Amino acid sequence: MENNNIFWSHIKRNRLPYLMGFALLSISSILQLIIPWLLGRFTDSLQTGALTYDQAVRFGVWMIAAGFGIAFFRSVSRIYLFRLSRQLEMRVRGELFVHWEKLSAQYFNNQRIGDLMSHAISDVGVIREVTMQGYFNVMEAVFLIVVSVAAMTSSVNPWLTLLTMLPLPLLSLLAYRFNKRIMQQSKDMQSAISDLTSRVQEFTAGIRVVKAFVQEKAERELFTRDNRQAVEMNRRYVRSNSLFGALSAGIVGFSFLVSVVLGGIMVLKDIITLGEFVAFNTYLSLLMGPIESLGRVVNLLQRGKASELRLLEIFNTQPDVVDDVVAKPEIQTIGGEIEIRDLTFSYPEAKRPSLRNVSLKVPKGSSLAIVGRVGSGKSTLVHLLVRLYNPPKGTVFIDGHDIHEIPLRTLRGQIGIVPQDQFLFSSTIRDNIGFDPKPYSDEQVVEAAKIAQVYENIVEFPNQFETALGERGISLSGGQRQRVSIARAVIKKPSVLIFDDSLSAVDTITEDLILEGLQSVMNRRTTIIIGHRISSVQSADQIVVMDEGRIVERGNHEQLLARGGIYADMYHKQLLDQEAEREDGQEQDAASSRQMRGGAGA
């Protein structure tokens with residue numbers, strides 16, 4: 001996709017098909033000129049009394065033949081040109097999706113889903129309409145106007161043609177005056193549609209929160225506001241469009257008035273014949289449709305320009321994270337040795353660094369646990385390891401290679417990550433576990449599900465692994481979604497496994513079972529575990545504690561407990577919480593027992 005003009009790149013790419021479509025449309029336009037000429041000859045023969053029965057039949061046959069020819073060539077040209085429009089729609093939408101895939105996570109953090117949907121559906125649809133109706137009408141109008149004016153000038157009267165055409169340049173002035181207004185209103189209309197789409201998407205995604213907080217009325221009011229805004233923007237566009245159409249029709253009607261008055265006078269003065277007068281007005285009738293359609297095309301082109309600018313803004317957005325110029329394509333695998341050297345990192349537009357002077361080393365096949373308060377920089381470290389964001393050069397190394405030297409496809413293909421948000425696609429459970437470019441057998445999917453301790457839940461569903469999940473996997477519980485995400489990472493058998501707080505939605509018993517199942521996988525791979533529960537990280541070879549973007553403690557479980565710092569405080573607090581939960585459970589059991597004994601005594 002050229003980065004400056006979608007329409008022009010489409011025409012250049014399909015210049016020969018467009019020339020063929022224009023040729024077919026030209027034949028149709030030329031055939032249309034036969035009918036006024038036949039009507040003129042027919043009228044003159046009828047007026048002079050020279051018309052015979054055979055001549056009338058021949059006139060009729062020629063008109064029918066011309067009508068069939070017009071219909072055939074016009075239909076074929078429409079099909080030919082409209083097919084090119086559909087191809088453009090498919091290509092632009094496909095290239096838009098591919099370009100979105102290339103953009104970094106930061107881009108999507110600043111975009112609303114409704115806006116993206118509006119670009120992919122509404123804006124691309126307008127582009128299609130421009131190349132479908134717009135190009136077809138412009139081609140037909142331009143050719144028909146040229147040949148009709150030439151025929152009117154040569155076969156009827158040049159002065160009558162000149163005076164009749166004199167008001168038509170006012171259409172150009174009218175189009176110029178309405179140009180900016182219609183384009184701006186088109187942008188406002190598309191923006192309002194994006195707002196409305198975003199509102200519907202947010203409502204449907206958060207429907208459970210809306211109902212839980214009894215916010216139906218508030219959401220309805222917000223939707224009504226955005227809906228009214230969309231309607232108002234559309235009304236403004238329609239008003240301008242209608243006014244432009246009415247003024248255009250008035251100019252065209254004035255040309256007809258000139259033709260009838262001056263033409264009638266010329267017939268009475270024998271300057272032109274009655275047949276030439278009929279032919280002239282028939283030529284003019286042929287022109288009026290294309291000329292009026294040019295007014296609609298002007299409005300459509302302005303909408304198309306607005307949509308094109310919105311799409312070009314996306315196409316001209318360059319991804320922040322790409323293969324570096326120093327990338328080495330020969331690196332196809334990674335072993336898993338990770339080293340971070342004095343890493344300081346800030347998110348774009350952030351006022352302070354998220355990571356400060358972080359240094360650590362994770363030997364191949366060992367495990368690292370990262371704990372800390374919310375916002376301490378734990379997940380940021382993981383994002384940099386998979387290059388969702390670019391770390392500074394010379395700070396992150398894998399197998400001795402600067403991470404910028406490793407191709408993105410190799411890096412991300414060799415790292416299995418279980419993210420915090422547990423996102424699942426609205427497909428089957430099997431498709432979500434086997435979400436990878438390479439196919440997996442049923443046995444591999446089952447094995448991964450068993451390691452993640454989700455197999456028993458899956459087989460209870462009627463369709464088991466072929467169970468279709470709802471939007472974002474909403475038909476599963478939070479714990480089930482987390483375990484399916486774990487299975488999705490495990491099945492890849494990556495060199496590096498990263499668990500980003502991925503056990504927070506399961507109970508401690510299930511957590512122990514998952515960790516036990518993961519031991520066989522973790523023993524052979526570099527593993528990074530981010531968590532809040534000490535129970536999920538205490539067996540790691542190395543534990544680091546982060547606070548405000550810095551590593552403030554490091555060691556193994558026993559060493560950190562002995563130090564008596566943040567890690568020890570977290571450990572003892574969690575022990576107290578577990579003890580309190582256990583005592584509450586015992587009190588509830590005792591109360592239930594007393595109630596049962598009392599009921600039995602009665």
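This is a predicted model, so every value here is computed, not measured.
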Working for side-chain hydrogen bond (donor to acceptor under 3.5 Å, both in side chains), residues Thr380 and Tyr347: CA-CA 9 Å; Thr380 299; Tyr347 285 106; 2.8 Å; yes
Return the minimal non-hydrogen interatomic distance between [X] and [Y], and the atom names on each side.
X      : Y      : answer
Thr317 : Leu103 : O-CD2, 3.4 Å
Ser259 : Phe277 : O-CE1, 3.7 Å
Asp195 : Asp226 : O-OD2, 4.0 Å
Pro329 : Ala327 : CD-O, 3.4 Å
Arg412 : Lys492 : O-NZ, 3.2 Å
Leu25  : Ser77  : CD1-OG, 3.6 Å

Counting neighbours of [atom1] on [X] that are heavy atoms of other residues, nucleotides or ligands and sit closer than 6.0 Å, is the number greater than 12?
X      : atom1 : value
Phe254 : CZ    : no
Trp62  : CH2   : no
Arg235 : CZ    : no
Phe108 : CZ    : yes
Met63  : CE    : yes

Does the side chain of [X] reach to within under 4.5 Å of the side chain of [Y], using non-hydrogen atoms?
X      : Y      : answer
Arg199 : Glu219 : yes
Arg13  : Arg91  : yes
Tyr237 : Met233 : no
Ile70  : Ile35  : yes
Ile34  : Leu31  : yes
Leu222 : Arg225 : yes
Ile30  : Phe143 : yes
Leu84  : Thr131 : no

Rounded distance (nearest 0.5 Å) linking atom [atom1] of [X] with atom [atom2] of [Y]:
X      : Y      : atom1 : atom2 : answer
Leu38  : Thr43  : CG    : OG1   : 10.5 Å
Asp324 : Asn390 : CG    : CG    : 7.5 Å
Asp402 : Lys328 : CG    : NZ    : 9.5 Å
Leu388 : Ile417 : CG    : CD1   : 6.5 Å
Leu16  : Met20  : CG    : CE    : 8.5 Å
Arg387 : Leu408 : CZ    : CG    : 4.5 Å

Pairing of Glu232 and Arg228 as salt bridge, 4.0 angstrom limit: no
Derivation and outcome, salt bridge (Lys or Arg N to Asp or Glu O under 4.0 Å), residues Glu313 and Arg310: CA-CA 5 Å; Glu313 183 179 356; Arg310 283 159 56 94; over 6 Å; no
Residues Thr164, Phe280; criterion side-chain contact (heavy atoms from CB on, under 4.5 Å); working and verdict: CA-CA 10 Å; Thr164 303; Phe280 185 89; 3.6 Å; yes
Does [X] reach the main-chain N or O of [Y] with its side chain, forming a donor-acceptor pair under 3.5 Å?
X      : Y      : value
Arg128 : Ser85  : no
Asn227 : Phe223 : no
Asn157 : Leu160 : yes
Glu276 : Thr273 : yes
Ser9   : Ile6   : yes
Ser122 : His119 : no

Full working for side-chain contact (heavy atoms from CB on, under 4.5 Å) between Ile314 and Trp100: CA-CA 8 Å; Ile314 300 173; Trp100 274 336; 3.6 Å; yes
side-chain contact (heavy atoms from CB on, under 4.5 Å) between Val130 and Glu308, intermediate numbers included: CA-CA 10 Å; Val130 169; Glu308 182 190 39; over 6 Å; no
Ring-face cation contact, Tyr80 with Arg83, 6.0 Å cut, 45° max: yes
Gln87 and His10: CA distance, side-chain angles, deciding distance, side-chain contact (heavy atoms from CB on, under 4.5 Å) verdict: CA-CA 10 Å; Gln87 290 174 354; His10 173 65; 5.5 Å; no
